[in-house]
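In what follows, chains carry the letters A, B, and so on, assigned in the order in which the sequence lines appear, proteins first and then strands, with residues in each chain numbered from 1.
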Amino acid sequence: MIDIINREIKKFLSSIERDEEEINLVINKSSTSILDDLNKGHLTTNICMVAASLFKLNPKDLANSLKNQLDNLNLFENIDVAGPGFINISVSRKDFVSIIKLINDKKNSFGASNIGNKKKIQIEFVSANPTGPLHVGHGRGAAYGDAIGRILESTGSIVEKEYYVNDAGRQIDILTASVILKLIKNDIGEYFPQNAYKGKYVEEISKKLDQKIDIDEFKKLNNSFSDDPEEEIDEVINNLQELNSDSWNTIKSFSLRKIVSSIEDDLKLFNVNFDKWFYESSLGVIENTSSDIASAVNKLKKNGHAYEKDKAIWLNTEISGDDKHRVLIRDNGKATYFASDVAYHKNKVDRGFDQLINIWGADHHGYIKRIEASLECLGTSKNKLIVKLVQFANILKGGKKVKMSTRSGEFYTLKNLIDDIGSDAARFYYLSKQADQHLDFDLDLAKSDSKENIFYYIQYAHARIISLEDKANQNSSNFKKAITSIESGDYLKCDKLIHEITKYPHIINKAALSLQPHIIIYYLRDLSQLFHSFYNDNHVLSEKKENVDSILICLSAVKQVISNGLNVLGISPMQKM
RNA sequence: GCGCCUGUAGCUCAGCUGGAUAGAGCAACUGCCUUCUAAGCAGUGGGUCAGGAGUUCGAAUCUCUUCAGGCGCGCCA
């Protein structure tokens with residue numbers, strides 16, 4: 001219906017003799033949409049006001065001529081010119097209620113579209129260092145990345161979800177050292193460097209190690225190290241590596257494997273599944289000229305964006321407005337983390353994605369410009385990459401912030417959260433606020449049984465409809481599959497609900513285009529609120545037979561929309577509460 | 001100092017590619033369960049959209065500026 005109106009608007013605009021460019025501008029700046037308030041009609045367009053301001057015409061005059069043109073189509077029930085120049089349109093009753101049948105026919109696929117045009121999109125998210133369990137901060141990135149993946153997929157994009165495993169850096173050496181120190185703790189008097197990982201999981205990994213690994217050499221660990229915590233941990237790492245490099249490597253890869261698989265397990269519990277786990281180490285080392293990392297750096301050197309200064313290799317990142325040049329290869333010959341990341345992004349581009357989406361913690365925002373610069377330097381538009389920042393989440397328990405630092409070892413993990421309130425509620429609350437804004441995640445609220453707990457409020461609507469259907473089936477099983485009394489206009493009390501479910505596909509499209517899952521949550525709350533209100537005002541099963549038939553079919557569409565909305569967020573609708 | 005995010009009701013937040021009277025929930029106060037799930041519904045009160053200036057027929061929304069809060073500014077990862 002909106003398409004028809006838009007076509008007429010185009011015709012209308014061409015009739016006022018303006019060049020095509022101007023007309024397109026008007027079309028882009030205006031919008032034809034579903035009216036918020038059903039009392040005003042079903043659809044609305046602000047086109048006349050936009051055109052009036054651009055063409056210096058009177059908006060009401062424009063609106064009246066457009067109204068006449070639309071009237072002549074004989075398609076609509078009623079057309080009003082309202083306020084400063086809105087055109088509000090009411091469609092026929094038959095068209096208005098047709099959405100019910102459409103939803104019940106399309107079922108799970110209602111709301112799906114092809115606006116994504118089969119674009120190949122890669123989303124990289126979570127990508128937490130594999131040095132410990134995921135904490136609640138990572139959970140937000142996981143929920144967000146996975147949700148936009150689902151939304152984009154349902155709107156016709158081809159999505160690949162990827163986790164980048166930082167397995168090549170110093171952090172893994174610290175982890176390895178931590179595990180070894182736990183192994184030999186009885187021989188070295190419980191010595192433990194300040195900067196080593198102290199969490200319980202470290203000891204658990206050490207206990208799972210194969211007994212046959214030779215650890216005797218490690219017991220000869222020096223007994224004095226630097227007072228500086230950073231230097232201390234490096235000295236310990238070097239010392240351990242020298243004592244037995246074979247065992248070191250074995251323990252290192254074992255620890256990494258254990259951590260990655262526990263991260264994977266936690267994410268599965270959270271209903272997040274990655275298509276690919278990409279290891280930083282697979283980019284190779286700079287010394288190997290055929291490695292990804294060497295070829296990326298060489299390409300940058302060749303095309304003049306990278307240069308040598310003070311024995312280091314620098315990249316000129318000013319192309320994207322970065323404020324200083326960045327080091328790729330240190331003066332000691334080792335590649336920086338940035339160099340790996342440049343190579344990684346080159347690798348992604350080479351894999352042929354149309355769009356890359358990175359979801360990063362907000363503390364990485366300073367990093368965006370240099371990565372964009374590296375893409376430009378490698379001959380790829382920086383527009384190929386979208387970086388979405390996820391702000392921190394504070395977890396509140398009893399009104400107090402819950403700590404989450406990895407080093408100290410004591411922290412509230414994502415797993416703890418899932419055990420506490422369940423994966424669905426956790427995902428829901430993570431998604432309930434725009435990702436790039438601070439979130440206070442109140443655990444007491446997530447468990448509470450009031451209307452303030454929107455998660456249950458929405459689930460309750462879904463469960464109530466199912467329960468109503470069950471009751472109806474017990475009473476009598478021969479329901480007509482027809483909405484006769486709603487269509488005829490005999491029964492009007494579902495109209496607000498019908499109007500609301502009409503909006504759903506637009507909501508999904510909006511969420512997809514803006515990468516904002518929270519839009520769906522607020523929509524579902526509004527829909528649920530309309531349902532609860534309807535449910536309280538009307539005792540469905542005591543209505544006369546034709547009405548009951550109609551209402552049940554309508555509510556089944558409402559149920560379907562709630563279910564689709566939750567599913568696209570990775571949340572399972574509840575059948576019973 | 002520079003950069004990014006934020007400031008909307010007492011509290012937690014929607015609304016932001018400019019559009020109709022700025023919305024929810026909580027908290028406060030009133031009502032509604034011998035009938036389909038009260039984790040529900042209906043109602044009342046509550047606003048300098050942080051302050052100021054500008055652009056516009058029209059600004060919570062765009063621009064500039066001030067103030068306040070969070071985060072980031074390594075040859076760390």
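Interface remark: the A/Asn46 side chain does not form any donor-acceptor pair with the B/A20 base, using a distance-only criterion of under 3.5 Å. Between the side chain of A/Asn536 and the base of B/G40, at least one donor-acceptor pair of N or O atoms lies under 3.5 Å.
Among pairs with a residue in residues 23-33 of chain A, those fulfilling side-chain hydrogen bond (donor to acceptor under 3.5 Å, both in side chains) read A/Asn6-A/Thr32, A/Thr32-A/Thr45, at least two apart in sequence or across chains.
Taken from OH in A/Tyr429 to CG in A/Asp440, the straight-line distance is 13.5 Å, to the nearest 0.5 Å.
The partner of B/C36, taking Watson-Crick or G-U wobble pairs whose two distances both stay under 3.5 Å, does not exist in any strand shown. B/G7 and B/C67 make up a base pair, with Watson-Crick or G-U wobble contacts both under 3.5 Å. Across all strands shown, B/A24 pairs with B/U12; the Watson-Crick or G-U wobble distances both stay below 3.5 Å.
In this structure, the aromatic ring of A/Tyr522 is not positioned over the six-membered ring of the base of B/A24 within 5.5 Å between centres and 30° between planes. An aromatic stack links A/His539 and the base of B/C36, using centre distance under 5.5 Å and interplanar angle under 30°.
Annotation for A/Lys388: atom NZ counts as buried by contact number, over 12 foreign heavy atoms lying within 6.0 Å.
Counting any heavy atom pair closer than 4.0 Å across all strands shown, A/Ser467 reaches a base atom. A/Asp436 comes within 4.0 angstrom of the backbone, heavy atoms only, and of no base. Residue contacts for A/His532: at a heavy-atom cut-off of 4.0 Å it reaches the sugar-phosphate backbone alone, with no base atom in range. Note on A/Thr44: a base of the nucleic acid sits closer than 4.0 angstrom, heavy atoms only. Among the atoms of the strands shown, only primed sugar atoms or phosphate atoms (P, OP1, OP2) are found under 4.0 Å from some heavy atom of A/Asn129.
The nucleotide whose nearest atom lies closest to any side-chain atom of A/Leu389 is, among B/A14, B/G70, B/C4, B/C4. Looking at the side chain of A/Ser53, the nearest of the listed nucleotides B/C57, B/A14, B/A39 is B/C57.
Using bins of under 30°, 30° to 60° and over 60° for the plane-to-plane angle, the ring pair A/Trp360/A/Tyr367 lands in the perpendicular bin.
Side-chain contact between A/Ser291 and A/Val285 is absent, with no heavy-atom pair separated by less than 4.5 Å.
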